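Scroll down for the structure; my scribbles are underneath it.
In listed order, ligands and their atoms are each counted from 1. Since we're looking at a predicted model, the values are computed, not measured.
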Amino acid sequence: MTDTTSTTDSRTARRSPHETDTLPPDIAQRARRLLVDLARPERKGYIALAFLLLAFGIGNAIGPAFIAQAMDQGIPAAIDGDTAALAVPLIVFLLVTILTGVADFFGTRMTGTLAQRLMVALRKRLFGHVQKLGISYHERSTSGRLVARQTSDMENIQVFLTGSLQEMAIGLTAMGAIAVTLIVMDVRLAIVVFLGFIPLLAVSIASNRAQRRNQRRTRTAIAKVIVHIVETLGGIRAVQSFRREDANIRHIVHEDSEYRNATAASLRNVAWFAASTRLIGNLSMAAVLLVGGWLVIGDTLQIGMLTAFLLYVRRFYGPLDELVQAVTMYQSASAALEKITAVLDAAPEVVEPTSPTPLPARGGFRGEGEPGRLPEGGDGHRPATSGDDRDLGGGRLVEFDDVEFAYGDGVPVLPRFDLTIPAGQTVALVGATGAGKSTLVKLLTRFYDPTAGRVRLDGVDLRDVADADLRAAAVMVTQESYLFGGSIAENIRIGRPDASDEDVRVAAHAVGLTPFIEQMPDGFATDVRKRGGRLSSGQRQLVSFARAFLADPDVLVLDEATAHLDIPSERQVQEALATVLEGRTAVIIAHRLSTVEIADRVLVMEAGRIIEDGAPGVLIDSGGRFARLHSAWEDSRA
Ligand SMILES: Nc1ncnc2c1ncn2[C@@H]1O[C@H](COP(=O)(O)OP(=O)(O)OP(=O)(O)O)[C@@H](O)[C@H]1O
Ligand SMILES: [Mg+2]
């Protein structure tokens with residue numbers, strides 16, 4: 001198992017357009033567009049920053065020229081009594097130095113601020129998009145990869161933006177400004193300096209090429225480590241129950257060693273590069289001193305000019321080290337940005353309509369088209385306030401219209417079918433494992449769109465309903481009742497974020513959760529993750545019910561949602577269900593036939609088809625599939 005993970009990974013990577021190794025050819029362009037788009041709100045800041053950097057580069061370049069002037073003109077004039085001739089260039093040098101320092105300070109600060117803002121904008125966009133991507137994207141892509149996008153890739157971009165980008169900009173402006181100054185000051189010596197640049201460039205290019213290779217290796221290695229960690233933690237129960245710990249450790253040690261080797265190679269390259277550039281820099285200095293000294297002896301160069309040149313050589317070659325490193329960082333940051341762009345480019349398969357059709361307002365006692373709200377008084381909960389008028393105007397009409405569905409490019413899991421569920425009806429869906437029950441309800445809550453045909457809610461195609469309306473109208477509770485970090489009350493309130501404490505209490509009470517909550521150390525405020533707050537699966541299930549009850553949808557889908565409810569008696573489960581379901585259209589998938597008993601209608605599915613459809617009593621009497629299931633269940637209870 002362990003060893004197949006990576007091969008499976010690379011195979012899916014090649015096949016799926018969403019994965020890292022197969023980026024579209026114009027991705028670099030799109031990544032740039034993304035960057036421009038993210039930076040646009042801070043336009044003025046970037047322009048100001050460009051000026052600061054330019055000021056810094058020029059200031060850096062002209063400083064030594066004043067030293068040359070002070071030495072060659074100032075000192076001789078001062079000897080002749082004109083002290084101002086020496087003082088002026090020195091004061092100007094000081095001023096330039098101070099101004100350069102100020103530009104440096106503000107430039108650095110501004111770079112930091114702008115980079116942070118850009119990162120926040122990018123993170124927001126990426127995280128928002130990842131959450132919106134269809135369930136099918138998440139089924140294809142491992143969550144580890146998506147975590148890697150949002151951690152190590154973001155980190156690469158951040159490191160470049162906050163550090164290397166500025167070094168690169170400063171280095172380039174400084175080198176450009178210095179090159180111009182050198183040519184203006186003395187062309188002959190300038191040529192000597194530039195000649196030293198040739199081997200330097202060769203070394204830089206070679207080093208950069210090696211570094212790119214290493215970076216790619218480290219990135220791949222670290223991404224694998226992250227994927228492995230995320231998946232191990234996600235499946236920690238299976239890991240522990242099947243004693244996978246040692247195998248996992250071997251796996252991660254193996255991947256870590258690849259990471260270590262790649263990092264070591266990268267460090268060797270950096271050391272080699274730093275040493276050779278320093279050597280070349282010093283040799284250039286010697287060459288300038290040699291040629292310059294010879295020119296001074298020949299009286300065609302003044303000593304101050306030579307000093308200035310020596311100062312410049314340092315400043316000219318100095319940034320090169322950082323420049324090359326910055327280029328490497330640039331490459332890994334742009335690779336990271338490209339991968340992020342690919343994720344951002346993946347279109348959610350279930351697309352929100354641009355001009356949605358509102359669902360018809362619902363009659364009865366509910367507010368005008370505002371689900372879950374009572375027009376006046378009350379606390380928003382029918383059961384608490386409305387007693388017996390339970391079926392009044394409850395639920396919405398659900399229609400499957402010549403629907404067919406296949407996952408991806410696969411064979412149809414649901415061959416063409418029609419199904420009408422009248423408003424307020426409770427339908428039980430039964431059938432063997434893999435029959436297509438979950439698939440059918442996923443179409444109803446629009447986790448997927450049908451391959452053909454339409455699913456309609458009160459006559460409106462789900463594809464025309466705004467996301468917010470749809471989420472308010474149709475809610476699905478599944479077996480994996482997921483609790484988020486936070487208190488029990490907060491977890492219930494997810495159903496309707498603006499619910500009052502009293503609403504939350506009423507919802508908990510309605511589903512029979514109150515006795516459990518009273519046993520918890522802090523009641524409703526108990527943190528579900530902290531010591532003593534851990535809930536059993538059945539309790540988590542009840543929290544999900546309370547959530548759904550609070551959300552008060554028109555259509556409620558329960559997929560195996562009662563599977564964990566063994567703690568209360570069957571009767572209690574039925575009561576909780578009846579409370580949650582009343583006044584809605586409901587589809588329940590349950591293996592437990594006692595929950596089926598409360599249904600108005602039973603649908604039996606087999607291999608994607610509905611093979612029986614009728615009231616439970618009628619089906620039992622007719623002696624078909626459901627009747628056999630039912631009598632088997634009766635026997636098991638006896
Ligand atoms: N995400 C998916 N991608 C591809 N095929 C899938 C996917 N989910 C389910 N299937 C396939 O669709 C068929 C129906 O699955 P579905 O989950 O609807 O069954 P079910 O009736 O809910 O079964 P169970 O009672 O075990 O929950 C199965 O053959 C399954 O392999
Ligand atoms: Mg299922």
Between [X] and [Y], does at least one N-O distance fall below 4.0 Å, as a salt bridge requires?
{"X": "D498", "Y": "R496", "answer": "yes"}
{"X": "R396", "Y": "D458", "answer": "yes"}
{"X": "D554", "Y": "R584", "answer": "no"}
{"X": "D153", "Y": "R219", "answer": "no"}
{"X": "D559", "Y": "K437", "answer": "no"}
{"X": "R446", "Y": "D449", "answer": "yes"}

Heavy-atom proximity to atom 18 (O) of ligand 1, picking from D559, T439, L440, points to T439

Using a distance-only test with no angle check, is there a side-chain donor-acceptor pair under 3.5 angstrom linking T439 and Y407? yes

Purely on distance, is any nitrogen or oxygen of [X] under 3.5 Å from one on ligand 1?
{"X": "G434", "result": "yes"}
{"X": "K442", "result": "no"}
{"X": "V413", "result": "no"}

Can you tell me the protein heavy atom closest to [atom] and the distance?
{"atom": "atom 25 (O) of ligand 1", "value": "K437 NZ, 2.7 Å"}
{"atom": "atom 26 (O) of ligand 1", "value": "T433 CG2, 3.2 Å"}
{"atom": "atom 5 (N) of ligand 1", "value": "Y407 CD1, 3.2 Å"}
{"atom": "atom 17 (O) of ligand 1", "value": "S438 CB, 3.6 Å"}

- Judged by atom type as modelled, is there a donor-acceptor pair below 3.5 Å linking the side chain of E352 to the main-chain atoms of D467? yes

Margin query: When you compare the side chain of I421 with that of V587, does any pair of heavy atoms fall below 4.5 Å?
Written below: yes

Quiz item: Does atom 21 (O) of ligand 1 have a protein non-hydrogen atom under 4.0 Å from it?
Solution: yes

Strictly inside 4.0 angstrom of atom 2 (C) of ligand 1, do you find any protein heavy atom?
yes

Within a strict 2.8 Å cut-off of the Mg ion (ligand 2), protein N/O/S atoms tallied 1

* Asked: Quick one: is the NZ or CZ of R505 closer than 6.0 Å to the six-membered ring centre of F524, and within 45° of its axis?
  -> yes

* Consider ligand 1: state whether an atom of it lies below 4.0 angstrom from any non-hydrogen atom of G436. => yes

Contacts of A221 meeting side chain to side chain contact (heavy atoms under 4.5 Å, CB included) (sequence neighbours excluded), chain-then-number -> E258, Y259

